[in-house]
Peer 1: 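Dropping the structure in here first, questions after.
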There are 2 protein chains.
Amino acid sequence: MARGRPKGADATRTAIVEAAMRGFAEKGFAATGTREIAALAGTNVASIAYHFGGKDGLRLACAEHVIALMGGVLDQVRQGDLPSDPAIARAALTAVVRRFVTFLLLDPQARSVASFILRELSEPSPALDLIYRALLEPVHRRACATWGVATGRDPESPDVRLAVFATIGQIVYFNFARPVIQRRMDWPSLGPAEVEAVADTLAATLHARLDADREHRP
Amino acid sequence: MARGRPKGADATRTAIVEAAMRGFAEKGFAATGTREIAALAGTNVASIAYHFGGKDGLRLACAEHVIALMGGVLDQVRQGDLPSDPAIARAALTAVVRRFVTFLLLDPQARSVASFILRELSEPSPALDLIYRALLEPVHRRACATWGVATGRDPESPDVRLAVFATIGQIVYFNFARPVIQRRMDWPSLGPAEVEAVADTLAATLHARLDADREHRP
DNA sequence: GTCTATAAACAGATAGAC
DNA sequence: GTCTATCTGTTTATAGAC
C-alpha cells in the first residue's frame, strides 16, 4: 500500500492531526467530517477512534499540536532572564511583535494554528483550557513583566495587562482579518514586503504607547 | 397592508433570523441545526425552507440582518462633515473607539453580530462581500480620513490605513477573546466598569499613536 | 402560511476480519 | 495497527394535509 507517507502508528497519528488541523481551520470543527479527515490523512475512519478515542480526542490532540508548535515560536519570549534596562525591554518587546506578526502572516502552518485558537475562543472546549494554561497565560504574563521593565509600571496592574492584550489583539487581527485587509490595502498577495509594512505600523504603535506610559508614570 | 402582527409571516421570518444569528454565533454555521433554529424561533423546520429557500438562504438573510443592525450603529460614524480641526478629529476618533468598544462588549446583539462577521472571515461566503462593501470599507475609509485630519498625514497612505486597522483590531480583539481576557483579568463578569477600563486603555493607545504621528510628520 | 411525516444523505462510533 | 462493513442517530430538504 503505497500512500506516499511514512508508515507506522506515529506517522498515522501525525497525518491525522495535520489533516484535522487543516479541516478545522478552514471549515470549523462540526463541519469537518471524520471520513474527510481520514481520507486527507490517507487512512480510514476507524483509525481516528483507535488513535484518539473519537473526534473529541482528536480535537484535544490538535490543541496539543498547537501548543507544541506555537511554543517553539514563543519560547524565545519566555526563555532567559527578564531585561533589567528599560531600553532593552523595549527592544525585546519590539522584536517579539515583529517575530510574532511575521510568523502569523508568512508561516503556512500559522494559518491553521491561529484559526484553531480563534474557533476555540468562539466555541470553548476543554482544549481552550489547555491552550490557555500552557500558552496564552505564560506568554501574556511574561509580556506584562517586560512591559513593566520598559515603562517602570506595575507589570500586573490592570492597565498594563489590558495594554498587552491590546497589543496582542492588533497582531492577531491582521491574521484573521486578512481578506478584508488585503482588499482594502490593494494587496494582491501578502509577502515579506507587506508584512514588513504591517510590522512597522505595529512597532510604531507599540513605541508610542510605551513612551507615553513612561512619561506619565515615571 | 396587514403587517406588524406578532403572528404574521414577517414576524416568523424575523424570529427565524434572530434564532439563527444566536446559533451561528455560538456554535457555528454547520453545527447549528435547522430543527434547533426552528424550535428556538417557535416554529417548524419546513418554514425555513419556505421563507429562505434553505439553510444557505437563511445565512444570506442573516448577513443582511447584520448589515442593517450595524448600519444603525455606524451611521453615527459616517454621518456629518469631516472635522477640520486636528483636536476635534482626535476627539471624534476617541469617541468612536469608546462607543464601538462599549457596543461590542455590552450590547447583547453585538455579540452575535461580531461573531457572525468573524466566522465569515474564517469561511468566506458571498455574505462577506456584501458586508465588506456595505459596512467595513466605508467605515474604514471614514476613519482614515479623520485620522488624516488629526495627524496631518495623507489619509490614504498605507501606514495610516494600517494604523486604523490596528486600532480596529484592538477593539474587536476584546470582543472575541473575551473568555481569555476575563480569566486573565480576574473578571467574573464584564460590566460597564470593566468596559470603561478597556476603553481607557484603548483611548490611551490611540492618543499615544496620534501624538507620535503628528510629531514625526507635521 | 404552518405544520407533520418522511425521504435520502450524512454523521461518529464500533465489531470483527486480517 | 489497519481496514471494511455496519449500527444508530442526525442532518437538510420536501411532499402533502390543513
Side-chain angles (χ1 to χ4, degrees), chain A residues 1-63 65 116 119-120 123 125-127, chain B residues 1-63 116 119 123 125-127:
Chain A
M1 42 159 140
R3 278 198 302 267
R5 68 166 176 84
K7 296 167 190 170
D10 213 45
T12 303
R13 276 187 63 102
T14 306
I16 290 173
V17 167
E18 285 175 353
M21 283 293 300
R22 279 203 295 277
F24 293 164
E26 285 169 17
K27 316 194 306 177
F29 185 72
T32 308
T34 51
R35 278 170 179 78
E36 182 187 350
I37 294 169
L40 211 70
T43 182
N44 59 87
V45 216
S47 67
I48 291 176
Y50 177 80
H51 285 289
F52 305 99
K55 203 188 186 183
D56 286 331
L58 177 54
R59 186 177 191 170
L60 272 176
C62 284
H65 180 72
F116 184 88
R119 288 185 190 280
E120 282 295 330
E123 315 151 46
S125 82
Chain B
M1 69 178 128
R3 70 181 197 99
R5 289 190 55 176
K7 275 283 193 177
D10 213 44
T12 303
R13 278 187 61 102
T14 305
I16 291 173
V17 167
E18 284 176 354
M21 284 293 300
R22 279 202 296 277
F24 294 164
E26 284 170 17
K27 315 194 306 176
F29 185 72
T32 309
T34 51
R35 273 172 182 76
E36 184 186 348
I37 294 169
L40 212 71
T43 182
N44 61 86
V45 219
S47 66
I48 291 175
Y50 176 80
H51 284 289
F52 304 99
K55 204 187 184 184
D56 286 330
L58 177 55
R59 184 179 190 168
L60 270 176
C62 284
F116 185 88
R119 289 185 189 279
E123 315 153 46
S125 81

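Naming convention: chains lettered A, B, ... in sequence-line order (proteins, then strands); numbering from 1 in each chain.
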Peer 1: Mind checking what makes salt bridge (Lys or Arg N to Asp or Glu O under 4.0 Å) contact with A:Arg22, not counting sequence neighbours?
Peer 2: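 Not a single residue meets the salt bridge (Lys or Arg N to Asp or Glu O under 4.0 Å) criterion with A:Arg22.
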Peer 1: Can you list the stems that include DNA chain D, where a stem is three or more consecutive Watson-Crick or G-U pairs with distances under 3.5 Å?
Peer 2: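 Expected stems, ordered by start: C:1-10 with D:9-18, C:12-18 with D:1-7.
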Peer 1: Enumerate the residue pairs fulfilling salt bridge (Lys or Arg N to Asp or Glu O under 4.0 Å) with a member in residues 25-50 of chain A, sequence neighbours excluded, ordered by first and then second residue.
Peer 2: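 Applying salt bridge (Lys or Arg N to Asp or Glu O under 4.0 Å) to every pair that reaches into residues 25-50 of chain A, excluding sequence neighbours, yields A:Lys27-A:Glu36.
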Peer 1: Protein within reach of the bases, or only the backbone? For nucleotides 7-18 of chain C, mark each nucleotide 5' to 3' as B, S or -, using heavy atoms under 4.0 Å.
Peer 2: ----BBBBB---
Peer 1: Ignoring hydrogens, what is the shortest heavy-atom contact between B:Ser125 and B:Arg59? Give both atom names and the distance.
Peer 2: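 Closest approach of B:Ser125 to B:Arg59: OG-NE, 3.8 Å.
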Peer 1: Decide yes or no for B:Leu58 and B:Thr34: does some side-chain heavy atom of the first lie under 4.5 Å from some side-chain heavy atom of the second?
Peer 2: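 In short, these two side chains do not touch, never coming nearer than 4.5 Å.
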Peer 1: Between A:Ile37 (CD1) and D:dC3 (C1'), how many Å, whole number?
Peer 2: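 Taking atom C1' of D:dC3 as the reference, CD1 of A:Ile37 is at 18 Å.
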Peer 1: Does a side-chain N or O of A:Thr43 approach OP1 or OP2 of D:dC3 to a distance below 4.0 Å, or not?
Peer 2: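 True: A:Thr43 side-chain N/O within range (under 4.0 Å) of D:dC3 OP1/OP2.
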Peer 1: Measure from CG on B:Asn44 to C1' on C:dA5 and round the result to the nearest Å.
Peer 2: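 Value for this atom pair: 12 Å.
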Peer 1: What residue among A:Val17, A:Val45, A:Ile48 forms side chain to side chain contact (heavy atoms under 4.5 Å, CB included) with A:Ile37?
Peer 2: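 Of all the options given, the one that passes is A:Ile48.
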Peer 1: Test: ring-ring contact (aromatic ring centres under 6.0 Å, His included). Region: residues 17-57 of chain B. Which pairs qualify, not counting sequence neighbours?
Peer 2: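 Applying ring-ring contact (aromatic ring centres under 6.0 Å, His included) to every pair that reaches into residues 17-57 of chain B, excluding sequence neighbours, yields B:Phe24-B:Phe29.
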Peer 1: Keeping the roles fixed (side chain from B:Thr43, backbone from B:Ala39), state whether a donor-acceptor pair exists under 3.5 Å.
Peer 2: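 Side chain of B:Thr43 to backbone of B:Ala39, a donor-acceptor pair under 3.5 Å: no, none is there.
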Peer 1: Can you list the residues that meet the side-chain hydrogen bond (donor to acceptor under 3.5 Å, both in side chains) rule with B:Arg119, with sequence neighbours excluded?
Peer 2: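 In terms of side-chain hydrogen bond (donor to acceptor under 3.5 Å, both in side chains), with neighbours along the sequence ignored, B:Arg119 is linked to A:Glu123.
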